[in-house]
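Sequence lines set the chain letters: A, B, ... in the order given, protein chains first and strands last, and positions in each chain run from 1.
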2 protein chains.
Amino acid sequence: MTRRTTPPQPREALTRQRVLLAAVRLADAGGLETLSMRRLGEAVGVEAMSLYNHVANKEDLLDGMVDLVFGEVDLPAPGEPWREAMRRRADSMRLVLSRHRWAIGLMESRANPGPATLRHHDAVLGCLRRAGFSLTLTAHAVSVLDSYIYGFALQEKTLPFDTPEETAALAESIAAGFADGQYPYLAEIATAHVMRPGYSYGDEFTFGLDLVLDGLQQAAG
Amino acid sequence: MTRRTTPPQPREALTRQRVLLAAVRLADAGGLETLSMRRLGEAVGVEAMSLYNHVANKEDLLDGMVDLVFGEVDLPAPGEPWREAMRRRADSMRLVLSRHRWAIGLMESRANPGPATLRHHDAVLGCLRRAGFSLTLTAHAVSVLDSYIYGFALQEKTLPFDTPEETAALAESIAAGFADGQYPYLAEIATAHVMRPGYSYGDEFTFGLDLVLDGLQQAAG
DNA sequence: CCTTGCGAACTTACGGCGTAAGTCTCACTT
DNA sequence: AAGTGAGACTTACGCCGTAAGTTCGCAAGG
């Protein structure tokens, strides 16, 4: 009787995928700065150096994490009208980036895009091209949409509050610090706008996205 | 005869300002990751620990650097029409961010804004308010403009090439890697658009900025 | 059955990091 | 002349990424 090729072992075999998933989980929980090779090793039950059997170095690890995150973003559906598709993608991207705040400075700027990243960009380009956008307009559209989405996420990222109550409380303390009349417009917007009940910075996203989509529709003729 | 209060000493007195300027110079030259307290000390002729007489810690150092950079950005001129002012500010910001690429992920997200930062934001808000923008529209406008500007800078930051020739060369090698027909739209835009002579990603900035400004003008009625 | 090869884990070590804690020097005040 | 305090320096700690070398156990070849 031949031996099974992969007999069940006490410890689950470590794979690149398992390493990447654990790294994302760690970064989600404590931010990028808490993600070290030693801690990651501990999380998967291995010494730090063993991780190098699955990733080339920390840069490669980050590349893989980013590709994993790109894989979470909704792609345009086959027959979907471009405007709906771009809106869904934008909302999905924002949701994904809020789950993985550490990824925000990374996704646009990794030098080695993975397969999920390439598939994502190809799908977005394809959606616009099939909707009749010229090559030039497609490039413009992707640039302005991505700039807006990433930029908004970047600003949202480190607002040091999550609930409207916290927002209002902070705005109040800021406004109080400006009581001397320097920065009158900052004081005004803090007291009369941000401190309004129900204010949420996230709601600003819709305004800008509609503005951009309207502009593109206009340009597409 | 009384002694001069500050006799000329062999070494120039170290000040917070001198430390910050040196730090910015270091980061400009080699990126944020080359900026360490030891190297910064060396640059100003002092041991690392002596820097802590002028900055509270590295976070405080970064805060100060960001405020210095904000101080380089053009403010709206007193009587300037809002659209011109916002365009000038956007262009100026982009220029400043290209001088200080390391600042891009930092400017929007520091928790402790300095005086130049506050003055900048107050001036932008004031320009729009005086142009008749409602409080709500002003908040929308600032959000969409800043998102676009920072997002664009973020994407531009790590394009691994600076000249059109390099761009075209890279696009070509990428397109060659896609010869198998995966990612057809990426291949198309790389070969037929990016590789066109004279292409420069920076030129995309104008399109999106005009689109956003047009949309705001519309909304302002 | 034994050997051998090999991949995946482990161990050790190095140079660099931010910074806590303590010390020395010296110009200025009193 | 003595005292003070700021600004420099020294030492040390616990992290970090990773180069280099070692151990171990399975699987295939003789």
Side-chain angles (χ1 to χ4, degrees), chain A residues 1-24 26-27 29-66 102 105-106 110-112, chain B residues 1-24 26-27 29-66 102 105-106 110-112:
Chain A
M1 173 198 299
T2 59
R3 207 80 158 58
R4 287 186 45 64
T5 52
T6 51
Q9 301 193 338
R11 90 170 70 177
E12 192 72 21
L14 197 55
T15 65
R16 179 180 171 95
Q17 197 69 193
R18 285 221 308 136
V19 169
L20 293 180
L21 283 170
V24 167
L26 229 76
L32 258 198
E33 72 278 6
T34 76
L35 175 68
S36 75
M37 299 304 273
R38 288 173 228 263
R39 272 201 271 257
L40 178 55
E42 194 177 5
V44 297
V46 128
E47 296 300 312
M49 289 310 291
S50 298
L51 298 169
Y52 288 91
N53 288 315
H54 303 96
V55 298
N57 48 44
K58 196 169 187 186
E59 283 298 291
D60 182 38
L61 175 72
L62 292 174
D63 284 339
M65 293 167 69
V66 165
W102 52 268
L106 262 43
R110 299 269 76 190
N112 292 79
Chain B
M1 166 197 304
T2 59
R3 206 78 158 60
R4 289 185 43 63
T5 52
T6 52
Q9 302 192 336
R11 89 170 71 177
E12 191 71 21
L14 198 53
T15 64
R16 180 181 171 93
Q17 197 68 194
R18 285 223 307 138
V19 169
L20 294 180
L21 283 170
V24 167
L26 229 73
L32 258 198
E33 71 279 5
T34 77
L35 175 68
S36 75
M37 299 304 274
R38 290 172 227 264
R39 271 201 273 257
L40 178 54
E42 195 178 4
V44 297
V46 127
E47 296 299 311
M49 290 310 292
S50 298
L51 298 169
Y52 287 92
N53 289 315
H54 306 282
V55 297
N57 48 43
K58 197 169 185 184
E59 283 298 290
D60 181 38
L61 175 72
L62 292 174
D63 283 340
M65 292 167 69
V66 164
W102 52 268
L106 262 44
R110 299 268 79 191
N112 291 79

Practice problem: May I ask you to verify if any side-chain N or O of A/Ser50 is less than 4.0 angstrom from the OP1 or OP2 atom of C/dA8? | Solution: no
Exercise. Side-chain contact test, heavy atoms from C-beta onward, threshold under 4.5 Å: evaluate it for A/Arg16 versus A/Asp60 and give yes or no.
Key: yes
Practice problem: Select one nucleotide: of C/dT11, D/dA8, D/dT18, the one nearest the side-chain heavy atoms of A/Asn57. | Solution: D/dT18
Practice problem: Kindly point out which of C/dA9, C/dG18, D/dT18 is positioned nearest to the side chain of B/Ser36? | Solution: C/dG18
Exercise. For a side-chain contact (heavy atoms from CB on, under 4.5 Å) with A/Leu40, tell me which candidate from A/Leu20, A/Leu61, A/Val46, A/Thr34 qualifies.
Key: A/Leu61
Quiz item: From C/dT19, D/dA8, D/dG17, pick the nucleotide closest to the side chain of A/Arg38?
Solution: D/dG17
Quiz item: Between B/Asp60 (CG) and C/dG18 (P), how many Å, whole number?
Solution: 14 Å
Practice problem: To the nearest Å, give me how far apart CE (A/Met37) and P (C/dT12) are. | Solution: 20 Å
Quiz item: Once you round it to whole Å, what is the distance between C1' of D/dG7 and CZ of B/Arg18?
Solution: 13 Å
Quiz item: Do any side-chain nitrogens or oxygens of A/His54 fall under 4.0 Å of OP1 or OP2 in C/dG7?
Solution: no
Quiz item: Is B/Leu32 close to B/Leu106 at the side-chain level, that is, under 4.5 Å between some pair of heavy atoms?
Solution: yes
Exercise. Using whole Å, report how far CD of A/Glu59 lies from C1' of D/dG17.
Key: 11 Å
Exercise. Report the nucleotide, chosen from C/dT19, D/dC16, D/dA8, that has the shortest atom-to-atom distance to any side-chain atom of A/Arg39.
Key: D/dC16
Exercise. Rounded off to whole Å, could you give me the CG-to-P distance for the A/Leu40 and D/dC15 pair?
Key: 17 Å
Self-check item: B/Glu47 CD - D/dA12 P separation (whole Å)
Solution: 15 Å
Quiz item: Got a sec, which residues hit side-chain contact (heavy atoms from CB on, under 4.5 Å) with B/Asn112, two or more places apart in sequence or on another chain?
Solution: B/Asp63
So which protein nitrogen or oxygen atoms get under 3.5 Å of nucleotides 20-25 of chain C's nitrogens or oxygens?
none

Quiz item: Given D/dA8, C/dA8, C/dT19, which nucleotide is nearest the side-chain atoms of A/Asn53?
Solution: C/dA8
Quiz item: Under 3.5 Å, side chain of A/His54 to main-chain N/O of A/Val19, donor-acceptor pair present?
Solution: no
Practice problem: First locate atom CD of B/Glu42, then atom CE of B/Met37, and finally report the distance between them rounded to the nearest 0.5 Å. | Solution: 14.0 Å
Quiz item: Given atom CD of A/Glu42 and atom C1' of D/dC15, what is their separation to the nearest angstrom?
Solution: 14 Å
Quiz prompt | Heavy-atom pair of closest approach, residues A/Leu35 and A/Leu26 | solution = CD1-CD2, 3.8 Å
Quiz item: Under 4.0 angstrom, heavy atoms only, what part of the nucleic acid is B/Leu35 near: base, sugar-phosphate, or nothing?
Solution: sugar-phosphate
Quiz item: Atom CD of B/Glu33 to atom C1' of C/dG18: distance rounded to whole Å?
Solution: 17 Å
